[in-house]
Visitor: 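The structure follows.
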Amino acid sequence: MKEKPEYICKCMMIIDDNDIDRYIAKKVISHEQFCDNVLAYGNPVDALQYLRHHQDDMDALPMIILLDIYMPEMSGFEFMECYNQLSEALKKYCEVYIISSTIDPHDLTRAAIDKNVAALHVKPIDSAFLSSLRNK
């Protein structure tokens, strides 16, 4: 009987409007056996709704959120403005990582000064990025 892998976290959330980037992220996470459950959202509004609905249920919350910056309807920074208003317990439990291909100094600074953004990582996510999270 095949043993169930030992995952680093039980739940992660990916918020990215690009289907290919979400697919790649999910494949890398699965390949690295990093996370048992990946919640993938193409729309940040839907992701916020999930977080609001589950903010008092730590078992349903993602430990890690991977967030794109440039998305229609709501940018990653607009998402963070709403996220910053969620419960303190949720913000302590979830770590948000901006995942973007931006090189705009304004974006980099904006991500760096948000106290609820753990770090910014260049797309796509890869094994090295997950290893850096694993070794935290």
Side-chain angles (χ1 to χ4, degrees):
M1 188 165 122
K2 190 174 182 181
E3 283 187 40
K4 187 172 181 176
E6 196 171 315
Y7 295 104
I8 300 304
C9 74
K10 64 180 179 174
C11 185
M12 267 178 105
M13 180 180 280
I14 302 167
I15 308 168
D16 195 324
D17 64 311
N18 186 306
D19 294 336
I20 294 169
D21 288 335
R22 279 195 320 274
Y23 176 81
I24 291 169
K26 286 169 60 175
K27 283 295 187 188
V28 171
I29 291 164
S30 174
H31 181 266
E32 293 297 317
Q33 298 180 342
F34 188 83
C35 185
D36 187 33
N37 182 28
V38 178
L39 305 170
Y41 289 92
N43 182 333
V45 174
D46 294 338
L48 266 174
Q49 183 177 358
Y50 179 91
L51 293 172
R52 282 186 187 118
H53 184 262
H54 293 92
Q55 66 183 323
D56 296 321
D57 180 5
M58 295 300 144
D59 290 332
L61 288 176
M63 294 174 72
I64 297 170
I65 299 172
L66 306 178
L67 175 66
D68 187 26
I69 294 177
Y70 296 112
M71 295 179 282
E73 190 174 343
M74 175 185 273
S75 74
F77 292 121
E78 290 168 327
F79 173 90
M80 287 308 298
E81 288 171 12
C82 296
Y83 176 89
N84 291 338
Q85 297 172 17
L86 295 174
S87 74
E88 289 302 315
L90 177 142
K91 290 184 287 188
K92 283 183 180 181
Y93 184 78
C94 303
E95 282 190 325
V96 178
Y97 292 86
I98 302 276
I99 307 296
S100 181
S101 53
T102 188
I103 57 169
D104 182 335
H106 178 69
D107 290 341
L108 301 176
T109 300
R110 197 166 171 191
I113 63 172
D114 189 322
K115 66 181 170 125
N116 289 310
V117 172
L120 186 141
H121 181 76
V122 177
K123 278 185 180 183
I125 70 160
D126 55 17
S127 299
F129 172 68
L130 293 178
S131 287
S132 72
L133 297 181
R134 183 176 274 129
N135 296 326
K136 264 183 103 179

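This structure is a prediction, so every number in the text was calculated from the model and none was measured. Values below: every heavy atom of this structure, side chains too, minus hydrogens, waters and symmetry copies. Throughout, residue positions are numbered sequentially from 1 according to the sequence presented.
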Visitor: So do D107 and I69 actually touch side chain to side chain, heavy atoms under 4.5 Å?
Guide: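 The answer is yes, as the side chains (C-beta and beyond) meet within the 4.5 Å cut-off.
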Visitor: What do you reckon, is NZ of K91 surrounded by more than 12 foreign heavy atoms closer than 6.0 Å?
Guide: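 Yes.
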Visitor: Looking at every heavy atom in both A111 and I98, which two are closest together, and how far apart are they?
Guide: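 Distance-wise, the nearest heavy atoms are CB-CG1, 4.2 Å.
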Visitor: For residues C82 and M74, determine if any side-chain heavy atom of one lies less than 4.5 Å from a side-chain heavy atom of the other.
Guide: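 When only atoms from C-beta onward are counted, M74 and C82 do touch, with a gap below 4.5 Å.
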Visitor: Flag the pair H53 / Q49 as yes when at least one side-chain heavy-atom distance between them is below 4.5 Å, and no otherwise.
Guide: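 Heavy-atom side-chain distance check fails, nothing below 4.5 Å.
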Visitor: L39, I20: one ILVMFWY side-chain cluster at the under-4.5 Å cut-off?
Guide: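 L39 clusters together with I20.
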Visitor: Could you pull out the closest heavy-atom pair between K10 and M58, with the gap in Å?
Guide: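 That would be NZ-O, 4.0 Å.
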Visitor: Evaluate the ring planes of Y41 and Y50, with Trp represented by its six-membered ring, and classify them as parallel (under 30°), tilted (30 to 60°) or perpendicular (over 60°).
Guide: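 The rings of Y41 and Y50 sit tilted, inter-plane angle from 30° to 60°.
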Visitor: List the steps, then state whether side chain to side chain contact (heavy atoms under 4.5 Å, CB included) holds for M80 with R110.
Guide: CA-CA 11 Å; M80 287 308 298; R110 197 166 171 191; over 6 Å; no
Visitor: Looking only at heavy atoms, which two atoms of P124 and I24 are closest? And how far apart?
Guide: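 Taking P124 first and I24 second, the nearest heavy atoms are CB-CG2, 4.1 Å.
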Visitor: Determine, for D19 against R22, whether the closest basic-nitrogen to carboxylate-oxygen distance falls under 4.0 angstrom.
Guide: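 Counted as a salt bridge, because a side-chain N and a carboxylate O are separated by less than 4.0 Å.
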Visitor: Counting only heavy atoms from other residues, nucleotides and ligands, does the tally under 6.0 Å from OH of Y23 exceed 12?
Guide: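 For Y23, atom OH is not crowded (no more than 12 foreign heavy atoms under 6.0 Å).
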Visitor: Do the non-hydrogen side-chain atoms of F34 and M12 ever get within less than 4.5 Å of each other?
Guide: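 Side-chain contact under 4.5 Å: yes.
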Visitor: Rounded at 0.5 Å granularity, tell me how far OH in Y93 sits from OG in S87.
Guide: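 Answer for the OH-OG pair, Y93 versus S87, is 12.5 Å.
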Visitor: Measure across N43 and I15 and return the closest heavy-atom pair with its distance rounded to 0.1 Å.
Guide: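 Shortest heavy-atom contact: C-CG2, 4.4 Å.
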Visitor: Do the side chains of Y70 and D17 get nearer than 4.5 Å, heavy atoms only?
Guide: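 Not in contact.
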Visitor: Run N84 and D114 through side chain to side chain contact (heavy atoms under 4.5 Å, CB included) and show every step you take.
Guide: CA-CA 9 Å; N84 291 338; D114 189 322; 3.4 Å; yes
Visitor: Contact between Y97 and I125 at the side-chain level, heavy atoms closer than 4.5 Å - yes or no?
Guide: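 Y97 does not reach I125 side chain to side chain.
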Visitor: I'd like to know if V122 and I29 are part of one continuous hydrophobic network [Ile/Leu/Val/Met/Phe/Trp/Tyr, side-chain heavy atoms within less than 4.5 Å].
Guide: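 No: no chain of side-chain contacts under 4.5 Å links I29 to V122.
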Visitor: Heavy atoms, side chains only, cut-off 4.5 Å: are M63 and C35 in contact?
Guide: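 Result no, sub-4.5 Å side-chain heavy-atom pair not found.
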Visitor: I'd like to know if the side chain of S132 and the backbone of F129 have a donor-acceptor N/O pair within less than 3.5 Å.
Guide: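 Such a contact is found between S132 side chain and F129 backbone.
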Visitor: State, to 0.1 Å, how close P62 and I65 come at their nearest heavy-atom pair, and which atoms those are.
Guide: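 Residues P62 and I65, closest heavy atoms: CG-CG1, 3.9 Å.
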Visitor: With rounding to the nearest 0.5 angstrom, report the NE2 to CG distance, H31 to D126.
Guide: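 H31 NE2 to D126 CG: 12.5 Å, rounded to 0.5 Å.
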Visitor: Please find the pair of heavy atoms, one from L48 and one from L86, that lie closest to each other, and give the distance.
Guide: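 So the minimum-distance heavy-atom pair works out to CD2-CD1, 4.3 Å.
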Visitor: Would you check, one step at a time, whether the test side chain to side chain contact (heavy atoms under 4.5 Å, CB included) holds for L66 with D16?
Guide: CA-CA 8 Å; L66 306 178; D16 195 324; over 6 Å; no
Visitor: Is there side-chain contact between L130 and L133, with heavy atoms separated by less than 4.5 Å?
Guide: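 L130 reaches L133 side chain to side chain.
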Visitor: Regarding D68 and K123, does a basic nitrogen lie under 4.0 Å from an acidic carboxylate oxygen?
Guide: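 Here D68 pairs with K123 in a salt bridge, since their nearest N and O are under 4.0 Å apart.
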Visitor: Between the side chain of E95 and the main-chain N/O of A118, is any donor-acceptor distance below 3.5 Å?
Guide: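 Side chain of E95 to backbone of A118: no pair is present.
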